[in-house]
Amino acid sequence: MNTLIVSTFSCNFEEFEKEVTESFIGCLAKDYVNDYEFIKINDHKAHTFMNVTDWDGFGASFESEAAKEFDKRNNCKDIVYKIELVE
């Protein structure tokens, strides 16, 4: 399922990108995401487009203690959208 996550955060963009790509997608959600694209909007906002192959597993990793701790530490707020192709 194609997904867009709009994230805002208080850390700098480079820290956020490293945490998301290495720790979250690279470890916690690696079994549930088979492709992603990470885009910087500004120093405190990013868009992540991804293909989620297992929504339940992805949701569980999104709610993990590690993810919650990162969010709390960096004042991270995420809005998650499911995207459908319009033909």
Side-chain angles (χ1 to χ4, degrees):
M1 174 171 298
N2 290 317
T3 305
L4 164 64
I5 302 175
V6 177
S7 303
T8 57
F9 41 88
S10 59
C11 61
N12 67 47
F13 175 80
E14 290 74 20
E15 289 177 66
F16 183 78
E17 179 179 33
K18 183 177 180 179
E19 182 71 23
V20 169
T21 58
E22 292 178 12
S23 298
F24 183 70
I25 296 173
C27 293
L28 291 173
K30 69 180 179 171
D31 295 329
Y32 316 117
V33 175
N34 68 3
D35 191 22
Y36 72 92
E37 188 172 339
F38 195 78
I39 301 162
K40 178 180 180 178
I41 303 303
N42 61 44
D43 288 338
H44 299 287
K45 186 174 187 176
H47 290 177
T48 309
F49 293 93
M50 60 181 65
N51 186 44
V52 177
T53 57
D54 176 352
W55 193 253
D56 291 333
F58 177 78
S61 62
F62 210 75
E63 292 296 321
S64 70
E65 287 303 315
K68 286 181 180 181
E69 176 57 34
F70 175 82
D71 289 350
K72 182 178 179 181
R73 190 172 65 247
N74 294 288
N75 195 31
C76 181
K77 306 290 184 221
D78 298 307
I79 301 171
V80 180
Y81 299 91
K82 293 180 182 178
I83 301 173
E84 292 183 27
L85 178 64
V86 176
E87 295 186 54

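Index from 1, following the sequence. Here the structure is a predicted model, which is why all the values come from computation and not from measurement.
Note that NZ of Lys77 is 13.5 Å distant from CZ of Phe9, once rounded to the nearest 0.5 Å. A distance of 4.5 Å separates CZ of Phe62 from CD1 of Ile5, quoted to the nearest 0.5 Å. Expressed to the nearest 0.5 Å, how far OG1 of Thr8 lies from CD1 of Ile41 amounts to 12.0 Å. One distance of note links CD of Glu15 with CZ of Arg73; it measures 9.0 Å at 0.5 Å rounding. Summarising the geometry, atom CZ belonging to Phe58 is positioned 11.5 Å from atom CE belonging to Met1; distances are rounded to the nearest 0.5 Å. Here CG of Asp43 is found 10.5 Å from SG of Cys11. Values are rounded to the nearest 0.5 Å.
Tyr32 pairs with exactly one of Asp54, Asn51, Asp56 by the side-chain contact (heavy atoms from CB on, under 4.5 Å) rule, that one being Asp54.
Using cut-offs of 30° and 60° for the angle between ring planes, the Phe70 and Phe16 rings count as tilted. Note on ring orientation: taking the six-membered ring where Trp is involved, the planes of His47 and Phe49 are perpendicular (angle over 60°, cut-offs 30° and 60°).
Placement of Val80 and Val52 within a single hydrophobic cluster is found when ILVMFWY residues are connected by side-chain heavy-atom separations under 4.5 Å, directly or transitively. There is no path of hydrophobic side-chain contacts, each under 4.5 Å, that joins Tyr81 to Met50. Cluster annotation: Tyr36 and Val20 are assigned to the same hydrophobic cluster (Ile/Leu/Val/Met/Phe/Trp/Tyr, side-chain heavy-atom contacts under 4.5 Å, transitive). At a threshold of 4.5 Å between side-chain heavy atoms, the hydrophobic network of Ile, Leu, Val, Met, Phe, Trp and Tyr places Phe13 and Val6 in two separate groups. Under a hydrophobic-cluster definition in which Ile, Leu, Val, Met, Phe, Trp and Tyr are linked whenever side-chain heavy atoms come within less than 4.5 Å, directly or via other members, Phe38 and Val33 are assigned to the same cluster.
Between Asp71 and Asp78, some side-chain heavy-atom pair lies under the 4.5 Å cut-off. Looking at Lys82 and Trp55, their side chains come closer than 4.5 Å, going by heavy atoms from C-beta outward.
Counted within 6.0 Å of NZ on Lys40, heavy atoms from surrounding residues, nucleotides or ligands total more than 12; the atom is thus considered enclosed. Heavy atoms of other residues, nucleotides or ligands lying less than 6.0 angstrom from CD of Glu69 number more than 12.
In terms of heavy-atom proximity, Ser64 sits nearest to Ser61 at OG-O, 3.0 Å. Nearest heavy-atom pair across Thr3 and Ile83 is C-CD1, 4.0 Å.
Of the possible polar contacts, one joining the Asn12 side chain to the Glu14 backbone as a donor-acceptor pair under 3.5 Å is found.
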